[in-house]
Amino acid sequence: MALDENIYNLRREKLRQIEALGQPIYRSKYDFTHTIPQILEQYSGKSAEELESSRVNVRVTGRIMAIRLMGKAGFAHLQQGGQRLQFYVKKDAVGDQGFELYRLLDLGDHVGVSGYLFRTRTGELTVHVEEITFLSKDLLPLPEKWHGLTDVELRYRQRYVDLVMNPEVREVFLKRTKLVQSVRRTLDAQGFIEVETPMMQPIAGGAVARPFVTHHNTLDMDLYLRVAPELYLKRLLVGGFDRVYEINRNFRNEGLGWRWNPEFTMLEFYQAYTDYQGVMNVTQEVITEAAKAVTGGTKSKWTVTENGKEIVQELDWANWQKMTMREAIIKFWPEKAGVKPQLKDFASEVIVRSMVGQLQNSGAKFAYDLAKPVGATIAALFEAVAEEHLMQPTIIYEFPTAVSPLSKQKPDEPEWTERFEIFAGQMEISNGFSELNDPEDQRRRFEAQLKERERGDEEAHQMDEDYIRALSYGMPPAGGVGVGIDRLCMLLTDSHTIRDVILFPLLRPEKNSSGGDENEAQDVK
RNA sequence: GGGCGCGUAGCUCAAUUGGCAGAGCAACUGACUCUUAAUCAGUAGGUUGAAGGUUCGAUUCCUUCCGCGCUCACCA
């Protein structure tokens with residue numbers, strides 16, 4: 001049983017006693033004159049004398065986070081908007097009934113107090129209460145007051161308690177809101193329009209990932225939760241919306257981890273008549289502005305643990321590193337793997353395979369599949385060799401065609417595409433490219449993906465005939481970008497798990513009785 | 001799915017080679033009209049995640065299960 005029944009029942013009894021005092025329980029409104037942050041902002045600078053000479057009457061509400069009773073008087077702290085304000089209750093000032101109510105209050109209760117501001121002997125700004133109004137009862141005990149709630153599972157399962165107890169958690173989510181607001185502001189100012197495209201799609205396209213499946217009863221059809229909005233946004237380019245964006249959830253039926261949650265928030269935007277270089281610039285601006293909105297500057301802290309030691313890195317969001325994927329592999333080629341490859345080596349499948357051999361002989365962990373096209377092997381080399389070194393915001397550009405089914409090829413090198421990704425803090429946070437708009441080329445790419453699928457690659461892209469039809473009506477040249485909002489938020493708030501930037505991350509279902517009940521155990525399996 | 005670690009009161013944590021399961025906060029009773037980790041006196045709160053095993057005796061050792069965390073794999 002998750003509830004503490006003793007305390008719950010005691011507090012219900014107190015609720016009855018409060019009702020007996022003539023206070024409506026669970027009343028519907030309270031007219032306040034200030035929020036606690038407003039009072040702190042307006043009166044923190046006022047001296048005791050100033051407050052005394054011009055009496056400031058206030059009505060404020062909040063949740064009681066600390067309470068001290070001393071016979072016929074008492075102090076308590078109210079919390080609202082992440083901030084706290086003390087109030088002082090004196091039996092002489094609130095009367096017998098008012099003081100009886102005060103005696104029945106518990107940590108966590110919501111009250112409204114009416115009175116005037118003063119400073120205590122120790123100088124703390126405090127409300128001298130003349131009337132106290134009961135607003136809502138906390139029937140369950142809050143966590144212990146100075147350690148707070150640290151159990152990570154409880155923090156995620158009961159985020160509401162986490163938010164009450166841990167101001168820094170509240171702060172992260174406020175920053176997340178600032179981030180998203182900033183992204184919208186930057187794109188709106190450049191004439192982008194925000195749209196909403198289907199979350200439920202008959203074909204899960206636009207990214208290579210396993211989808212969630214659901215079913216519509218009336219139409220008796222399976223639908224996929226989208227893995228990306230990409231193909232719909234590009235249909236809008238065909239339709240004449242030249243600058244569109246969407247900030248919304250994507251769903252990928254894959255593992256959970258420090259940077260993966262099955263549903264995550266993605267910004268995607270598309271701009272007609274420009275290429276990957278054009279949208280790269282927009283993306284840099286969007287991210288730099290977001291960093292300013294969240295941190296006030298262009299730099300953010302990123303704490304890395306190396307060999308048990310915490311090292312604080314400073315990520316500079318106004319200073320972008322830039323290199324091609326091939327250059328990155330060469331630059332970060334490990335010494336123990338022998339001679340560095342050269343740019344021209346990537347054109348030879350034989351040499352790329354020998355690079356794989358070199359890397360494996362050096363003992364590096366390296367997952368690859370030689371049955372896949374050579375481009376996929378190069379991308380795997382990049383991940384194995386370079387990704388862990390990409391700490392500062394870095395743009396990696398020119399990706400193999402084999403792993404870029406929706407990107408336009410480089411005119412002079414058809415094995416490579418006009419595509420870039422942005423990395424920071426060893427995470428991929430963005431992916432963009434010149435959009436493939438040749439319907440026949442697109443059909444061939446889909447067909448190549450179908451072969452991968454037949455080979456057993458469940459994540460290979462499906463054929464989307466309607467998308468090809470849309471392209472056949474003519475899509476303007478365009479660049480498009482996706483930005484992982486959760487990961488960007490992690491980087492800007494020094495959060496090292498995606499669960500710390502998602503209010504309600506996915507968790508295993510909670511058991512409704514303690515212990516290993518066998519029937520339930522089977523259900524879980 | 002593999003490896004490592006953890007699970008003790010509502011919360012945060014103790015408990016010697018395996019020898020009576022404890023503290024602080026929260027709660028309850030009482031005292032206290034400027035406290036702020038309020039203080040003081042007292043009270044209550046536990047199937048030590050679950051099941052089984054070894055043992056005179058298990059929070060401690062073993063097995064299985066459940067849950068959580070970290071990590072590897074998967075996730076362009």
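Letters A, B, ... mirror the listed sequences (proteins, then strands); counts begin at 1. Quick caveat: nothing in here was measured; it's all calculated off a predicted structure.
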Separation between the [atom1] atoms of [N] and [M], rounded to whole Å:
{"N": "C62(B)", "M": "A37(B)", "atom1": "C1'", "value": "43 Å"}
{"N": "G7(B)", "M": "G18(B)", "atom1": "P", "value": "15 Å"}
{"N": "U48(B)", "M": "A31(B)", "atom1": "P", "value": "37 Å"}
{"N": "C32(B)", "M": "G22(B)", "atom1": "P", "value": "33 Å"}
{"N": "U33(B)", "M": "A27(B)", "atom1": "C1'", "value": "25 Å"}
{"N": "G49(B)", "M": "G67(B)", "atom1": "P", "value": "16 Å"}
{"N": "A58(B)", "M": "U63(B)", "atom1": "C1'", "value": "15 Å"}
{"N": "G46(B)", "M": "G53(B)", "atom1": "P", "value": "26 Å"}

### Task
Could you point out which residue of H389(A), M323(A), K322(A) forms a side chain to side chain contact (heavy atoms under 4.5 Å, CB included) with T394(A)?
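When H389(A), M323(A), K322(A) are each tested with T394(A), the side chain to side chain contact (heavy atoms under 4.5 Å, CB included) holds only for M323(A).
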
### Message
Which residue in the set L267(A), V279(A), T283(A) passes side chain to side chain contact (heavy atoms under 4.5 Å, CB included) when paired with S430(A)?
### Response
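Option passing the side chain to side chain contact (heavy atoms under 4.5 Å, CB included) with S430(A): T283(A).
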
Report the nucleotide, chosen from [options], that has the shortest atom-to-atom distance to any side-chain atom of [X].
{"X": "R121(A)", "options": "U12(B), C74(B), C34(B)", "result": "C34(B)"}
{"X": "L107(A)", "options": "A26(B), U33(B), U35(B)", "result": "A26(B)"}
{"X": "T150(A)", "options": "A26(B), C34(B), C13(B)", "result": "C13(B)"}

Just checking [X]: base, sugar-phosphate only, or nothing, at a heavy-atom cut-off of under 4.0 Å?
{"X": "Q86(A)", "value": "base"}
{"X": "G148(A)", "value": "sugar-phosphate"}
{"X": "T126(A)", "value": "nothing"}
{"X": "R419(A)", "value": "base"}
{"X": "F264(A)", "value": "nothing"}

Between [Y] and [X], is there a side-chain donor-acceptor contact under 3.5 Å, judged purely by atom types and distance?
{"X": "R55(A)", "Y": "N57(A)", "value": "yes"}
{"X": "E398(A)", "Y": "T324(A)", "value": "no"}
{"X": "E230(A)", "Y": "Y232(A)", "value": "no"}
{"X": "Q86(A)", "Y": "R68(A)", "value": "yes"}
{"X": "R63(A)", "Y": "Q79(A)", "value": "no"}
{"X": "Y156(A)", "Y": "D162(A)", "value": "no"}
{"X": "E131(A)", "Y": "S114(A)", "value": "no"}

### Message
Does R499(A) qualify as a cation-pi partner of W258(A), given the criterion of NZ or CZ under 6.0 Å from the six-membered ring centre and within 45 degrees of its axis?
### Response
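Judged by the rule, R499(A) and W258(A) form no cation-pi pair.
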
### Message
Using a 6.0 Å cut-off, check whether atom CD of Q277(A) has over 12 heavy atoms from anything other than its own residue.
### Response
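Yes, enclosed.
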
### Residue R16(A) excluded, over 12 heavy atoms near CZ under 6.0 Å
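Yes.
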
In whole Å, I'd like the distance from the [atom1] atom of [X] to the [atom2] atom of [N].
{"X": "E383(A)", "N": "C72(B)", "atom1": "CD", "atom2": "C1'", "value": "15 Å"}
{"X": "L149(A)", "N": "C25(B)", "atom1": "CG", "atom2": "C1'", "value": "14 Å"}
{"X": "M165(A)", "N": "U12(B)", "atom1": "CE", "atom2": "P", "value": "10 Å"}
{"X": "L154(A)", "N": "G49(B)", "atom1": "CG", "atom2": "P", "value": "15 Å"}
{"X": "L125(A)", "N": "U35(B)", "atom1": "CG", "atom2": "P", "value": "17 Å"}
{"X": "M65(A)", "N": "C11(B)", "atom1": "CE", "atom2": "P", "value": "16 Å"}
{"X": "D109(A)", "N": "A27(B)", "atom1": "CG", "atom2": "C1'", "value": "13 Å"}
{"X": "L142(A)", "N": "C11(B)", "atom1": "CG", "atom2": "P", "value": "12 Å"}

### Task
Quick one: list whatever passes ring pair (Phe, Tyr, Trp, His ring centres under 6.0 Å) with H110(A), sequence neighbours left out.
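Counting only residues at least two positions away or on another chain, H110(A) forms no ring pair (Phe, Tyr, Trp, His ring centres under 6.0 Å).
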
### Query
Based on Watson-Crick and G-U pairs with both distances under 3.5 Å, what dot-bracket line describes RNA chain B 5' to 3', crossing pairs as [ ] and inter-strand pairs as |?
(((((((..((((.....[..)))).(((((.......))))).....(((((..]....))))))))))))....

In plain terms, say whether [X] and [Y] are close enough for a salt bridge, that is, a side-chain N and a carboxylate O under 4.0 Å apart.
{"X": "R419(A)", "Y": "E421(A)", "answer": "yes"}
{"X": "R155(A)", "Y": "D151(A)", "answer": "no"}
{"X": "D486(A)", "Y": "R259(A)", "answer": "no"}
{"X": "K331(A)", "Y": "E327(A)", "answer": "no"}

Close N/O contacts between protein and nucleotides 4-8 of chain B (under 3.5 Å):
none

### Message
Reading RNA chain B from 5' onward, which residue's closest nucleotide shows up sooner: D106(A) or H77(A)?
### Response
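Upstream on the strand: D106(A).
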
### Message
Here's a test of your reading of the structure: between A379(A) and G123(A), which maps to the more 5' nucleotide of RNA chain B?
### Response
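Looking at the nearest nucleotide for each, G123(A) comes out on the 5' side.
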
### Query
Do T120(A) and U35(B) share a donor-acceptor pair, side chain to base, under 3.5 Å?
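Flag set: donor-acceptor pair detected.
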
### Message
Taking Q409(A)'s backbone N and O only, do any of them form a donor-acceptor pair with T417(A)'s side chain (distance below 3.5 Å, no angle check)?
### Response
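Here the side-chain-to-backbone pair does not exist.
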
Each nucleotide N or O in nucleotides 68-71 of chain B that has a protein N or O under 3.5 Å away: list the pair and distance.
residue, atom, partner, partner atom, Å
C68(B), OP1, R508(A), NE, 3.3
C68(B), OP2, R508(A), NE, 2.6
G69(B), OP1, R499(A), NH1, 2.1

### RNA chain B contacts made by residues 67-75 of chain A, counting heavy atoms under 4.0 Å
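The answer is R68(A), L69(A), M70(A), G71(A), K72(A), A73(A), F75(A).
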
Output a table of nitrogen or oxygen pairs between the protein and nucleotides 41-48 of chain B separated by less than 3.5 Å.
none

### Task
Compare side-chain N and O positions of K14(A) against OP1 and OP2 of C28(B) and report whether any pair is under 4.0 Å apart.
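For C28(B), OP1/OP2 do have a side-chain N/O of K14(A) under 4.0 Å.
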
### Message
Could you check, using the six-membered ring where one of them is a Trp, whether F433(A) and Y276(A) have ring centers closer than 6.0 angstrom?
### Response
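Aromatic pair excluded; centres sit 6.0 Å or further apart.
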
